Amino acid sequence: MKKHLFRDEFEELLSESAEELRMYPSDRVWTNLQKHLRHEQQWPALTFGSILIGALMLAALIFVHPSKEVIEAKQALTASPDTKALAAAAAAAPKLAVPVPVAKPAHLETNVSPTFGSSGHTYSSQPAAVAATTEAAPDVSTNLTEASDAITASEPAPDSEAGSTLTNNELPNRSLTLLPAASMGPAASSLPAGNDDALAITPPGNELTIANASPVPPAMLQAAGKVDAAARQMAANMTARRQPRWSVQYYATPSLSYRMLAEERRVNGPVLQPNLDHLVQHAPKLGIEAGVAFLYSVSDRLRLKTGLQLNYRQYAIDAYSAGAMQATTIRFDQGGIPATIPAFTDVSAVAGNSPITINNRFFQVGIPVGFELTMARLKQSQFVIASTFQPTYNVGKQGWLISADYRNYVKENTLFRNWNINAGIEAFLRFKGKGNLMWQVGPQIRYQMLPAAVSRYPIREHLIDYGFKIGVMKTLQ
Amino acid sequence: MQQLSTKNVYISVVVTQLRMTEDLIIAGCLANNPVAQRELYNRYSPKMLAVCYRFAHSREDAEDMLQEGFIKVFSQMHTFQAKGAFEGWIRRIIVHTCINVLKRNKKFNESLDIEYALEAQVKENIPSILQAKQVVECIRLLPTGYRTVLNLYAIEGYSHKEIGEMLDVGESTSRSQYTRAKAMLEQILVKKRIIEKPDLQPGAVALV
C-alpha cells in the first residue's frame, strides 16, 4: 500500500494501525494478576500470627520466667556460703512462699518446728536462723534448699530428744549445723541470749544426728540475734505489704454463631418481608475467641478487667447455585429514600438449582472492658459472674448479603461495618490450681449490638454467640 | 414440566451471558467477583497490550506494564464514574502506567541514530501481511523519547501541554520531539515501502 500522505492522513494512518492491532498476553499475566487480587482478600494471617506470638511470649514471660527474688537467692546461695549470703537467701525465700499455700517454709514449720533440744527450747524453722550457725561452723557448704529437703525427708519425730538420729540418705557426709525456724509470724521464737545450748545435726555416714553442743560461742549468739531481728523486721514488712491486685488471664472460648435478621422499617420504605429469619436458612458454625486480659482487684469480690481479644466467628447460609452470573440489586437507603445499587452474583436464594453453602466469616480484634463479681466462695473454688463491653474491628471479612428482591445472595464485603460493639456475659467456676494459678470454666453469651452491615442497608443482622470459656489466671507479684 | 424448566434455565443462562454488559462487569469487579474480573480482562487486555507494546521495549516489558495497569484498574474500580467511556478510563490508566514505568526505568535519555533505526528495521523481519503490525513495529524503532511523544500525541490524542506535564518537560520540547519523531518515522516507513515519499507540493505532508 502506497499513498501520498497529507498531514492528517499521516496521523490517521498511525492511529488506525495502532487501533487495529490486537495482542494476546501470555498466561503468566493473568496468573500474576489473579495472585495479586486473591492475595488482597486473604485472611490476615500475619496480623493474627504476630498477635498470637506476642501473647504467647508474654505468657511465657509471666508463667515460666522465674521471679527476680528466686534468681537473687540462688545466686547468693551458690556464690558464697558466708553469713550475708545465707541471710539474703533466707530473707528472699519466704517472699516466694507468700501467695503459694503449700511451700517450703510450711514444710519446714511442720517437720522441723518440734523441739530439738533437751533444754526445752522450741525452734521454729525460721530460715534466718540457719545463717546464725554458720559462723560457728564455717565449713558448712550447703544451701537452704538442700537443708530444707534434707529436713523434709528426715521426718523427725515431734518430740525427738537430744541425740536422736534422723535417717537421711541424701545428706552429704559432713557436719551440718542447723537452727531451724520457719514461721514468719510473731510467734517465731528467737534464740535466747543466755542460752548455752546449740543444736548440731551431724550425720555420721548416712545418719543425721541431733546433739547438744555446749557451750555456744558468744559470736554465734550475737550473729543469731542480729539475723533474727532482721527476720522479724522482714516479717513485719511483709505483713504490712498489700496483697497483689493485678492478675493476667489467658482464655479461649469455642462458640457457635447464630444470627437474627430483621428488616428495618424506614419512613419511606416498605417492609417487603416481615419474617426474614424464616426466608433465610442459616446454620451455625464453630468459631472461637481467644485473648489475654489484665484484671485489677478493686475489692475481694470485684475485679475490673481489660485486654486484647481475637474473634473468629462464622455461620453458614443454605443457598443454591444460579449457574451463571446474574444481575441483581442491593437495596440501599439514601437519606430515607429507597435506592438500589447494581450487583452481580451467581448464588441464588430460591430453591431449584444445585444447593450450595456459603459462609459469612469475620475475623475481629476486640478490646473487652468489663468486670468480674465473685458471687460465692467455696473451699477451693469461686462462683463468678462477669460482663464485658467489647469494641471490635473487622480485620478480615467475607460476607454475603441478600438482594433487594430476596432472590439472590451478593458477596459484598464493602457493605459490612468495620467497627462494631459486642456485649458479653458469662458465669464460671474458678478453681485453685498449682502454684498461684487459677483455672476457670463456664458458659458465655456474646451479642453483637450494631448490625453487621452499614446502617444504610435496610436489613439488620445481629450475631449472637454461645460459647464455653476456658481460662487460666495468674496473680502478678 | 421439568424439561421445560431446565430449558428455561438454560435460555436464561445464555441470555444472561450475552447480556453481560459493562455495568454488570463493573458491579462484579466491585464485588471482587473473579468471573467478572476475568471477563473484564479478557475483553480489554488484547487492545491494552497493544497500547503497552507501542511504549515498551519488548513484549515482556509490555506484559509487565499490562499487569501493573490492570492491578490499578481493579483496585481503582470504585473511582470510575459513569460519565465517560469505560474503555477510555481503562486506557488512560494503562497509558499512565506505561509512562510511569518508562520514567522509573529512566529510558527517556536514550538516543538512536536514524541510520541505526533504518538498519534495524531492515534486519527485523516484519511480516508484510499485517500493515498495522508493520506500522507499530516501525514506531517501536524510534528512540524512547520520540516514540513516547508520538504515541501520546498522534495516537492517544493528548495535547502537547498535557504531554509536557506527563513527561515533566516543556510544551515546546514535546512539540520539537514530535516533529523529529514524525520525520524519523516517515523515513522509516518510506524505507520500508509502506508509504511513498511525500511530494513537495502545497498541501502535502507538512510540519505540525
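Just so we're on the same page: letters track the sequence lines, and every chain starts at 1. No experiment lies behind these values; they were computed from the predicted model shown.
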Measure distances from [X] to the heavy atoms of chain A and classify the residue's part below 4.5 Å as side chain, backbone, both or neither.
{"X": "B/D64", "answer": "both"}
{"X": "B/F70", "answer": "both"}
{"X": "B/R38", "answer": "both"}
{"X": "B/I26", "answer": "neither"}

[X] and [Y] ion-paired at < 4.0 Å:
{"X": "B/K47", "Y": "B/E87", "value": "yes"}
{"X": "A/D346", "Y": "A/K411", "value": "no"}
{"X": "A/R259", "Y": "A/E461", "value": "yes"}

> Does the cation-pi check pass for B/R140 over B/Y53, that is, NZ or CZ under 6.0 Å from the six-membered ring centre and within 45° of its axis?
Replying inline: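 Judged by the rule, B/R140 and B/Y53 form a cation-pi pair.
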